[in-house]
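What follows is a set of notes on a single structure, which appears directly below.
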Amino acid sequence: MTDTTAGPRTAEGAGTFAIGGDLPVARLGFGSMQLPGRNAFGPSRDPEGARAVLRRAVELGVTLIDTADAYGPEVAEQLIGEALAPYRPDVVVATKGGFVRGRRGEWIVDGRPEHLRAAVQGSLRRLRLERIDLYQLHRIDHRVPLDEQVGALAAMRAEGLIRHVGLSEVGVDELRAAQRIVPIATVQNRYNLVERASEDLVRVTAELGTGFIPWFPLATGGLTQAGGALGAIADRAGATPSQVALAWLLQHSPNVLPIPGTSSVPHLEENVAAGTVHLSPADVALLDGAA
């Protein structure tokens with residue numbers, strides 16, 4: 001239950017997780033996909049507002065900032081560098097590479113080693129970093145052997161350009177194949193109350209001590225309809241449906257690191273407060289079976 005009359009809660013209420021075993025972060029992070037234009041394409045409609053949201057996130061104890069060079073492209077990383085550099089010692093910046101954007105915003109996979117190296121160098125420049133804490137392969141390029149893609153990231157990790165390597169939108173077999181090349185610190189897949197296709201991956205990553213970063217964590221489908229389970233639980237918890245959706249993720253597995261994104265400070269504060277919402281075992285069981 002949460003007290004909505006109190007001031008803004010901080011992300012520490014969600015607990016912590018150590019990415020790669022040595023990078024502790026608050027389990028409620030911030031995703032930057034909404035900071036550029038629509039569909040993460042084009043310039044920000046409010047650059048100063050975007051920078052204000054980023055600064056407020058850090059003030060509220062958010063220490064995991066997730067982004068990608070394809071958001072904009074380059075827009076989100078640029079805003080993060082402008083807003084947060086020089087970074088607080090506890091802030092972990094996670095970015096991704098492996099996509100380019102077409103003229104109309106199309107997402108085009110490119111996992112060639114030479115592209116990934118250029119992408120890392122560009123991200124370092126825009127983020128104003130000397131080393132990227134967590135660099136994630138945004139998508140596996142099935143035209144390029146997996147060992148070449150992951151091997152390129154392993155080489156840059158050995159050079160000190162990357163601290164930890166992550167993957168995005170993979171299955172268990174792909175995770176295990178990549179782990180034979182380099183330690184995988186996190187996996188980022190689409191996962192939320194109503195989209196559970198990655199359930200096996202949540203379980204396997206928990207067993208391995210690997211972080212699981214669900215993107216699009218606030219999707220609730222029809223669960224918010226009048227008389228639905230989510231609304232009733234939110235009323236009992238003194239919370240919003242979005243906060244309950246995030247609380248369910250946090251209680252579902254201790255390695256889950258939701259990264260809700262927003263371009264609004266009030267919405268950011270609402271999301272962060274989800275770390276103080278506690279769901280009863282009965283509520284969790286109800287939501288587990290509601291999708």
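- With hydrogens and angles ignored, the 3.5 Å screen pairs no side-chain donor or acceptor of Asn189 with any backbone N or O of Pro214.
- A donor-acceptor contact shorter than 3.5 Å is absent between the side chain of Asp110 and the backbone of Gly98.
- No donor-acceptor contact under 3.5 angstrom links the side chains of His142 and Gln149, judged on distance only.
- Distance NE2/His164 to CD1/Ile184: 11.5 Å, rounded to 0.5 Å.
- Checked for salt-bridge contact, Glu207 and Arg203 meet the test: a charged N lies under 4.0 Å from a carboxylate O.
- A distance-only check finds a donor-acceptor pair linking the side chain of Asp141 to the backbone of Arg143 [under 3.5 Å].
- Taking CG of Leu218 as the start and CG of Asn271 as the end, the distance is 5.5 Å to the nearest 0.5 Å.
- Between Phe216 and Tyr191, the ring centre distance reaches or exceeds 6.0 Å.
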>> Please determine whether salt bridge (Lys or Arg N to Asp or Glu O under 4.0 Å) holds for the pair Glu48 and Arg55, giving the CA-CA distance in whole Å, both sets of side-chain angles, and the decisive distance to 0.1 Å.
In response: CA-CA 11 Å; Glu48 188 46 50; Arg55 295 187 189 106; 3.2 Å; yes

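- A side-chain N or O of Ser32 and one of Thr67 form a donor-acceptor pair less than 3.5 Å apart.
- Between Glu269 and Arg56 a salt bridge is recorded (basic side-chain N to carboxylate O distance below 4.0 Å).
- Atoms OG and CG, on Ser263 and Leu35 in that order, are 7.0 Å from each other to the nearest 0.5 Å.
- Here the side chain of Asn255 pairs no donor or acceptor atom with the backbone of Gly211 at under 3.5 angstrom.
- Shown here are the side chain to side chain contact (heavy atoms under 4.5 Å, CB included) partners of Ala40, two or more places apart in sequence or in another chain: Met33, Tyr71, Arg101, Trp107.
- Of the N and O atoms on the side chains of Ser44 and Asp46, not one donor lies less than 3.5 Å from an acceptor on the other residue.
- Going from atom OG of Ser280 over to atom CD1 of Ile233 covers 7.5 Å, rounded to the nearest 0.5 Å.
- In this structure, Gln243 contributes its side chain and Glu270 its backbone to a donor-acceptor pair below 3.5 Å.
- Between Arg117 and Glu114 there is no salt bridge, since no side-chain nitrogen of the basic residue lies less than 4.0 Å from a carboxylate oxygen of the acidic one.
- A donor-acceptor pair under 3.5 Å is absent between the side-chain atoms of Ser198 and the main chain of Leu201, judged by distance alone.
- Checked for salt-bridge contact, Arg163 and Asp22 meet the test: a charged N lies under 4.0 Å from a carboxylate O.
- Dense packing is recorded around CZ of Arg88, with more than 12 heavy atoms of other residues, nucleotides or ligands lying under 6.0 Å away.
- Contact check on Arg190 versus Glu169 returns no salt bridge, with no Lys/Arg side-chain nitrogen under 4.0 Å from an Asp/Glu carboxylate oxygen.
- Using a cutoff of 4.0 Å between basic side-chain nitrogens and carboxylate oxygens, Asp283 and Arg236 are scored as salt-bridged.
- The line from OG of Ser123 to CD1 of Ile132 is 5.0 Å long, rounded to the nearest 0.5 Å.
- Remark: the Thr63 side chain and the Asp90 side chain contain no N/O donor-acceptor pair separated by less than 3.5 Å.
- Contact check on Glu77 versus Arg128 returns no salt bridge, with no Lys/Arg side-chain nitrogen under 4.0 Å from an Asp/Glu carboxylate oxygen.
- Once rounded to the nearest 0.5 Å, the distance linking CG of Leu279 with CH2 of Trp248 reads 10.5 Å.
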